[in-house]
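The block underneath contains the structure these notes are about, expressed in structure tokens.
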Amino acid sequence: MVPFYRIAALLAEKPTGMEIAVNGWVRTRRDAKGGFSFLEINDGSGLANLQVIADEALPNYHDEVLRITTGCAVRITGVAVPSPAKGQEIELKASRIAVEGWADPLVYPLQKKRHSYEFLRTIAHLRPRTNSLGAVTRIRGSLSFAVHQFFHQRGFIQVHTPIITTSDCEGAGEMFTATSLDLDRLPTTGGKTDFGQDFFGRRAGLTVSGQLEAEAYALAMGNVYTFGPTFRAENSNTSRHLAEFWMIEPEMAFCDLAGDIDLAEAFIKHLVRHVVENCAEDFALFGRFVDTTLPDRLHRILAGPFPRISYTVAVAELHKSGRDFAFPVQWGADLQSEHERYLCEEVFDGPLVVTDYPKTIKPFYMRANDDGKTVAAMDILLPGIGEIVGGSQREERLDLLGERMTAQGLDLDEYGWYLDLRRYGSAQHSGFGLGFERIIQFVTGMGNIRDVIPFPRTPGSASG
RNA sequence: UCCCGGGUAGCUCAGUCGGUAGAGCAGGUGACUGUUAAUCACCCUGUCGGGGGUUCGAAUCCCUCCCCGGGAGCCA
């Protein structure tokens with residue numbers, strides 16, 4: 001039995017002199033009319049291709065090997081040998097090349113040359129076969145592992161919060177409705193759709209956040225986290241928004257806002273360090289071709305503690321700048337992108353934590369501060385990305401929570417289970433949400449969020 | 001949703017004053033070479049985003065719709 005190798009392992013171990021097998025897809029074929037051809041093979045295991053020498057002595061050389069083009073799937077057996085030429089340490093002298101799947105070069109969309117990301121988005125099913133999307137895919141997968149590793153090391157328990165839910169995490173955005181009703185014949189009462197006849201007997205939707213459910217589990221398990229898909233039916237058309245994205249939401253009992261920020265900072269650093277240390281080959285690609293300032297920017301994240309300022313100080317800082325912002329700066333109004341960017345990229349030139357926002361611009365569940373004006377909220381801003389984390393200490397006091405909900409026009413009966421958490425054994429607790437795609441954007445330097453998720457869903461677009 | 005900028009060959013783009021469409025790459029053929037974004041020669045490729053209008057004549061001007069990109073809002 002000939003040992004099978006993934007190309008990344010083959011190039012790392014260099015088992016020369018022995019017969020081995022690899023599978024993969026052809027990136028290029030170059031013919032040397034001296035009677036042999038070079039094939040570049042990639043199998044997705046890494047950025048580097050394997051160079052294969054196909055000699056005309058192969059029984060199918062003339063009728064098959066010479067017809068191989070970019071995109072063909074092949075199974076190859078041969079002997080790994082040191083390469084006599086520059087460009088690669090070892091190469092595979094093929095003794096057998098079987099073409100498993102052809103790719104007609106007249107219609108196969110991927111060429112040897114570089115394609116634009118815009119074009120690759122139109123062929124989302126084929127783009128993982130390119131260097132940059134392949135690298136994104138490997139980093140994304142590795143980062144997903146790092147997420148679980150981080151929380152596992154700290155004793156957090158993963159909780160699978162529901163994807164279909166009836167609790168709208170107010171302030172997070174519009175929900176998609178999940179229904180099994182016949183859309184051509186909707187049952188109505190009083191002119192409105194009667195969701196009482198729907199599958200769940202009431203209106204349900206796709207979750208916009210697992211936070212409320214995570215709170216329930218934090219107040220039983222201590223420290224928990226969720227990591228799953230999240231849906232927003234917002235008409236957001238930007239390079240930082242998706243209608244379907246993945247979010248990580250830790251929730252900790254007996255933890256205040258400072259502890260919440262500590263965890264978020266350690267988490268971001270863990271993810272950045274993971275990519276730098278464990279995805280070096282792919283990371284180098286982005287530092288070289290996508291954003292040359294990337295390595296420096298990431299190392300600065302690891303360099304020291306994140307500065308923390310209150311919203312009130314941030315507003316003062318903006319006033320002090322004397323800048324003429326498109327949106328006026330005034331205490332009580334939310335910080336705009338231009339304000340956040342100025343603070344993050346010009347004043348602090350690095351990550352920044354902003355805390356204690358006015359309660360009027362924040363959702364009901366955030367804990368009221370003693371000043372009566374602000375809540376224990378925090379946002380973490382990263383240069384170039386903006387808001388990567390939003391979190392808060394939650395309001396654990398039943399009466400104050402009820403007041404906030406009533407003030408924001410919420411029906412307390414709808415949130416009975418959530419209020420129960422404050423009725424029985426309520427405890428201080430805090431948490432945050434981190435957008436998975438945004439951290440991938442940050443560590444890769446990819447400019448458009450649609451290029452860091454396999455099949456992006458955005459307004460007007462959900463194909464593949 | 002709003003503000004800009006775009007949509008021309010398979011891909012990336014050029015196209016002057018309104019005069020009837022071009023380059024590079026890819027693809028095909030051949031030459032050459034332990035090649036590696038290979039090189040050289042020749043060849044092939046078009047609903048100029050859709051619809052309507054102005055004009056003798058529209059890729060070019062006008063209207064409209066669609067799509068894409070950048071920015072903003074909303075947020076993660």
Side-chain angles (χ1 to χ4, degrees), chain A residues 27-41 48-55 67 69-71 81-88 91 93 103-123 130-131 169-174 208-211 229-249 264 289 325-327 334-341 361-363 379-382 385-391 432-442 447-453 458-461:
Chain A
R27 285 292 172 82
T28 72
R29 190 196 85 222
R30 293 180 296 273
D31 299 325
K33 279 283 164 36
F36 62 99
S37 300
F38 299 96
L39 297 177
E40 294 272 347
I41 310 296
N49 299 325
L50 174 66
Q51 175 161 287
V52 173
I53 311 300
D55 192 88
R67 286 171 45 227
T69 52
T70 303
V81 296
S83 178
K86 287 180 184 163
Q88 59 282 318
E91 60 191 26
K93 276 196 123 51
D104 182 353
L106 289 175
V107 289
Y108 184 60
L110 289 174
Q111 303 171 0
K112 287 194 248 191
K113 63 171 199 159
R114 212 190 155 282
H115 291 285
S116 68
Y117 292 120
E118 291 82 1
F119 170 67
L120 292 175
R121 262 169 240 151
T122 68
I123 47 168
T130 65
N131 283 340
C169 190
E170 193 70 22
E174 283 296 307
V208 295
S209 165
Q211 180 198 315
T230 308
F231 309 87
R232 304 275 166 92
E234 295 288 337
N235 193 7
S236 293
N237 295 285
T238 83
S239 55
R240 298 178 304 282
H241 289 85
L242 291 164
E244 176 183 298
F245 63 101
W246 287 61
M247 188 155 62
I248 296 124
E249 296 179 286
F289 297 114
F325 292 108
F327 289 85
D334 208 353
L335 297 180
Q336 303 294 313
S337 288
E338 55 174 344
H339 306 145
E340 294 182 342
R341 211 178 307 121
I361 57 171
K362 289 294 183 184
D379 282 355
I380 298 182
L381 313 176
L382 293 181
I385 297 289
E387 190 179 334
I388 183 95
V389 161
F432 64 84
L434 179 141
F436 190 49
E437 285 75 15
R438 287 195 181 165
I439 196 79
I440 300 170
Q441 276 190 285
F442 184 70
N448 195 311
I449 201 166
R450 298 168 196 207
D451 299 324
V452 301
I453 188 167
T458 53
S461 175

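In what follows, every chain begins at residue 1, and chains take the letters A, B, ... in the order their sequences are listed.
Of the C1' atoms belonging to B/rA59 and B/rU35, the separation is 42 Å, rounded to the nearest Å. Using C1' as the reference atom, B/rU8 and B/rU20 are 14 Å apart when rounded to the nearest Å. Comparing the C1' positions of B/rA23 and B/rA14 gives a spacing of 7 Å, expressed to the nearest Å. Comparing the P positions of B/rG34 and B/rG15 gives a spacing of 43 Å, expressed to the nearest Å. Nucleotides B/rG5 and B/rA9 are separated by 23 Å at their C1' atoms, to the nearest Å. Between B/rC65 and B/rA26, the two P atoms lie 41 Å apart (nearest whole Å). Taking the C1' atoms as reference points, B/rC62 lies 22 Å from B/rC3, given to the whole Å. Rounded to whole Å, the C1' atom of B/rU60 lies 14 Å from the corresponding atom of B/rG7.
Figure legend. B/rG5 is base-paired to B/rC68; pairs are counted as Watson-Crick or G-U wobble with both atom distances under 3.5 Å. Across all strands shown, B/rG46 forms no Watson-Crick or G-U wobble pair with both key distances under 3.5 Å. Nucleotide B/rG22 has B/rC13 as its partner under the Watson-Crick or G-U criteria, with both atom distances under 3.5 Å. Taking a pair to require two hydrogen-bonding distances under 3.5 Å in either a Watson-Crick or a G-U wobble arrangement, B/rA41 pairs with B/rU29.
Look at NZ on A/Lys93: it is 13 Å from P on B/rG34, rounded to the nearest Å. A straight line from CZ of A/Arg121 to P of B/rG69 spans 5 Å, rounded to a whole angstrom. One interatomic measurement links the two molecules: CZ of A/Phe119 to C1' of B/rG10, which rounds to 7 Å at whole-angstrom precision. Rounded to a whole Å, the CG atom of A/Leu106 is 10 Å from the P atom of B/rU29. A straight line from NE2 of A/His241 to C1' of B/rU1 spans 13 Å, rounded to a whole angstrom. Distance, A/Glu387 CD to B/rA72 P: 14 Å, rounded to whole Å. Rounded to an integer number of Å, the gap from CD of A/Glu234 to C1' of B/rA72 is 15 Å. Remark: C1' of B/rC75 and CD of A/Glu340 are 10 Å apart, rounded to the nearest angstrom.
Formation of a donor-acceptor pair under 3.5 Å by the A/Glu91 side chain with backbone atoms of A/Val81 is not found in this model. A/Glu234 places a side-chain N or O within 3.5 Å of a backbone atom of A/Glu174 that can act as its donor or acceptor partner. Here the side chain of A/Glu338 pairs a donor or acceptor atom with the backbone of A/Phe327 at under 3.5 angstrom.
A/Phe36 and A/Phe38 have perpendicular rings, their planes meeting at more than 60° on a 0 to 90° scale where under 30° would count as parallel.
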Pair A/Ile385, A/Ile439 - check side-chain contact (heavy atoms from CB on, under 4.5 Å), show working. CA-CA 8 Å; A/Ile385 297 289; A/Ile439 196 79; over 6 Å; no
Is there a side-chain contact (heavy atoms from CB on, under 4.5 Å) between A/Val389 and A/Asp379? Walk through the geometry before answering. CA-CA 6 Å; A/Val389 161; A/Asp379 282 355; over 6 Å; no
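Comparing B/rC75, B/rG69, B/rA38 by their closest approach to the side chain of A/Glu118 singles out B/rG69. Comparing B/rC74, B/rG34, B/rA38 against the side chain of A/Arg240 picks out B/rC74 as the nearest. Of all nucleotides listed (B/rU12, B/rC75, B/rG34), B/rC75 comes nearest to the side chain of A/Asp334.
Residue A/Glu91 is classed as a base contact, given a heavy-atom separation below 4.0 Å to a base. Among the atoms of the strands shown, none is found under 4.0 Å from any heavy atom of A/Glu338. Residue contacts shown for A/Val389 are limited to sugar-phosphate atoms, with no base heavy atom under 4.0 Å away. Across all strands shown, A/Ser83 has heavy atoms under 4.0 Å from base atoms, whether or not it also approaches the sugar-phosphate. Nucleic acid contact for A/Leu242: base, since at least one base atom lies under 4.0 Å from a heavy atom of the residue. Residue contacts shown for A/Arg450 are limited to sugar-phosphate atoms, with no base heavy atom under 4.0 Å away. Nucleic acid contact for A/Pro84: base, since at least one base atom lies under 4.0 Å from a heavy atom of the residue. Residue A/Phe436 is classed as having no contact, given no heavy-atom separation below 4.0 Å to the nucleic acid. Contact annotation for A/Ile248: no contact, since no heavy-atom pair falls under 4.0 Å across all strands. Among the protein residues, A/Glu437 comes within range of no part of the nucleic acid, since none of its heavy atoms lies under 4.0 Å from any strand. Using a 4.0 Å heavy-atom distance criterion, A/Lys362 is classed as making no nucleic acid contact. Residue A/Gln51 is classed as a base contact, given a heavy-atom separation below 4.0 Å to a base. Counting any heavy atom pair closer than 4.0 Å across all strands shown, A/Thr238 reaches a base atom. Within the nucleic acid shown, A/Phe245 comes within 4.0 Å of at least one base atom, counting heavy atoms only.
A/Lys112 has a side-chain polar atom (N or O) that falls below the 4.0 Å cut-off from OP1 or OP2 of B/rA38. Remark: A/Ser337 is in phosphate contact with B/rG73, judged by side-chain N or O atoms under 4.0 Å from OP1 or OP2. In this structure, A/Gln336 reaches the B/rG73 phosphate: one of its side-chain N or O atoms is under 4.0 Å from OP1 or OP2. Listed pair A/Ser236 / B/rC75 fails the phosphate criterion, with no side-chain N or O lying under 4.0 Å from OP1 or OP2. In terms of phosphate contacts, A/Arg30 brings a side-chain nitrogen or oxygen within less than 4.0 Å of OP1 or OP2 of B/rA38. Contact check, A/Asn448 against B/rG70: a side-chain N or O comes under 4.0 Å of OP1 or OP2.
Mapping A/Leu434 and A/Arg114 onto RNA chain B via the closest heavy atom, the residue that lands nearer the 5' end is A/Arg114.
Scanning atom types as modelled, no donor and acceptor separated by under 3.5 angstrom connect the side chain of A/Gln111 and the base of B/rG27. Contact of A/Asn237 with B/rU1 (side chain to base): a donor-acceptor pair of N or O atoms is detected under 3.5 Å. In the interface, the side chain of A/His115 is not paired with the base of B/rC11 through any donor and acceptor atom under 3.5 Å apart.
For A/Asp451 and A/Arg121, the salt-bridge test passes: some basic side-chain N is under 4.0 Å from an acidic carboxylate O.
Counting all heavy atoms, side chain and backbone alike, A/Ile248 lies closest to A/Phe436 at CD1-CD1, 3.7 Å.
For the side chain to side chain donor-acceptor pair (under 3.5 Å) test, residues two or more places apart in sequence or in another chain that qualify with A/Arg30 are A/Thr28, A/Glu40, A/Gln51.
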